[in-house]
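Right, one structure below, let's go through it.
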Amino acid sequence: MKKLMCIILENYEAKTKGDVYMRNFYLNDSELPKRWYNILADIPEPLEPYLDPQTKEPVTPDKLTPIFPMSLIEQEVSDKKWIDIPEEVLDIYRLWRPTPLRRAKRLEEYLKTPAKIFFKDESVSPPGSHKPNTAIPQAYYNKKEGIKRLATETGAGQWGSSLSFACNLFGLECTVYMVKVSYNQKPYRRILMETWGGKVIASPSNLTNSGREVLKKDPDSPGSLGIAISEAVEDAATNGDTHYALGSVLNHVLLHQTVIGLEAKRQMEEINLYPDVVIGCVGGGSNFGGIVFPFLMDYFEGKKKGTRFIAVEPASCPTLTKGKFEYDFGDVAGLTPLIKMYTLGHDFVPPSIHAGGLRYHGDSPIVSYLANKNFIEAVAYEQTKVFESALIFSRTEGIIPAPESSHAIKSAIDEAIKAREEKKEKVILFNLSGHGYFDLTAYDAFLRGELKD
Ligand SMILES: *Cc1c(COP(=O)(O)O)cnc(C)c1O
């Protein structure tokens, strides 16, 4: 009995101080958030609207209905602070959510830092990243509107595999235009998509006008995300039963991803800790927004001051750190509305770095706005430095992180080293947006010393 009391007490202390030996912080199924958090309700000014590329007038919903369902268009511009997660979506989220919050204790020890490092583990989803958090609701709302097929693009295959996974669960067909160079070099994600029933097409293809246009000029084009987006949008716009789905950038995508931060907040509350720094890598901004927005809410509500938010991007595609804050297209062909965002120009083709998910020329309009108003910070890292951090994490914590997520790890390590130098006990939280088990050729190149910045 006495022993039992001791264990209970020890457990209580560990929980209350976020201390001692506890590594994993779980929520049970009933604690899964029932609502997404919409930051549009809290930011001080409204975002600048999407513009019609021809008229330069704000885009009206009817312009978007050929490619998106009305429910997602409404979410895109909603000013409601909380949006209910449909029961059908919750039911599928429960296949892998709530995801664990983990303490990277061995990493802390390796760095000899007084900082506590926590990470939200989004790598546990079936496709291995945070992306199904939005793929599932997008498939759900399209199905509800009677759509039969979704078309999309994918770079390295993370988004394509997540949407294939989601479409399969709702009985929708899924067509994925996959950047040709990845299609040829990365067969495993293609196989994953096909296993979940997706139809994968190497882009540029001769199935669309946009694809044929590119191939006419350059028959050997390796493709790009911008070209693949043009093909998928065209496919959706020209087929009545088909819609388009985007895996990042748009407001409704970031909304769906807030389930990450809402869980993380609750998990940290249970151990009476609050992060001093919240870190995420940024491609189009969705996993960053997902973990950061629920904490930023406390700032906007006047409950917390001084929390820092760090967006991490690759030095070779430095959208937030070196881009211009202006209206630009989301794709190469100029089919999408004009979006006010940080951009490197819609015809920017980044060098082929391995973090395929961070190669987008633009960024989420919300994340861009927050960066422009200095609510968040942005940093950029060279990829060799990123892989050094990935290796440290793999060798201390075991999980092999996605190259994208490793950008966040590099920043967390830098912050932990700073804490050591300043002798400060700060609490660091980063998002592990995915694992790197399909990116082993990138690790191979790094280990052989063949990776360049
Ligand atoms: C796609 C992807 C990213 C980048 O996309 P965001 O929308 O910026 O989150 C980051 N990490 C992983 C693992 C991804 O698959």
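What's counted below: heavy atoms across the whole structure, side chains too, no hydrogens, waters or symmetry copies. First listed ligand is number 1; within each ligand, the first listed atom is number 1.
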Next item on the list: Could you please spell out the steps behind the salt bridge (Lys or Arg N to Asp or Glu O under 4.0 Å) verdict for Arg190 and Glu194?
Entry: CA-CA 6 Å; Arg190 171 180 60 74; Glu194 290 172 348; 3.1 Å; yes
Notebook entry, point to check: Hey, which residues fall under 4.0 Å of ligand 1 on heavy atoms?
Noted result: Ser129, His130, Lys131, Gln158, Ser248, Cys281, Val282, Gly283, Gly284, Gly285, Ser286, Asn287, Gly357, Leu358, Ala402, Glu404, Ser433, Gly434
Check: Under 6.0 Å between ring centres, would you say that holds for Tyr274 and Phe295?
Finding: yes
Next item on the list: Please confirm whether Tyr437 and Tyr188 have ring centers closer than 6.0 angstrom.
Entry: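 No, the ring of Tyr437 stays outside the 6.0 Å limit from the ring of Tyr188, centre to centre.
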Note to self: Taking Gly434's backbone N and O only, do any of them form a donor-acceptor pair with Ser405's side chain (distance below 3.5 Å, no angle check)?
What the structure shows: yes
Next item on the list: Would you check if there is a donor-acceptor pair between the side chains of His243 and Gln138 at a distance under 3.5 Å?
Entry: no
Checklist line | With Glu108 via side chain to side chain donor-acceptor pair (under 3.5 Å) - residues at least two apart | finding: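 By the side chain to side chain donor-acceptor pair (under 3.5 Å) rule, Glu108 matches Arg103.
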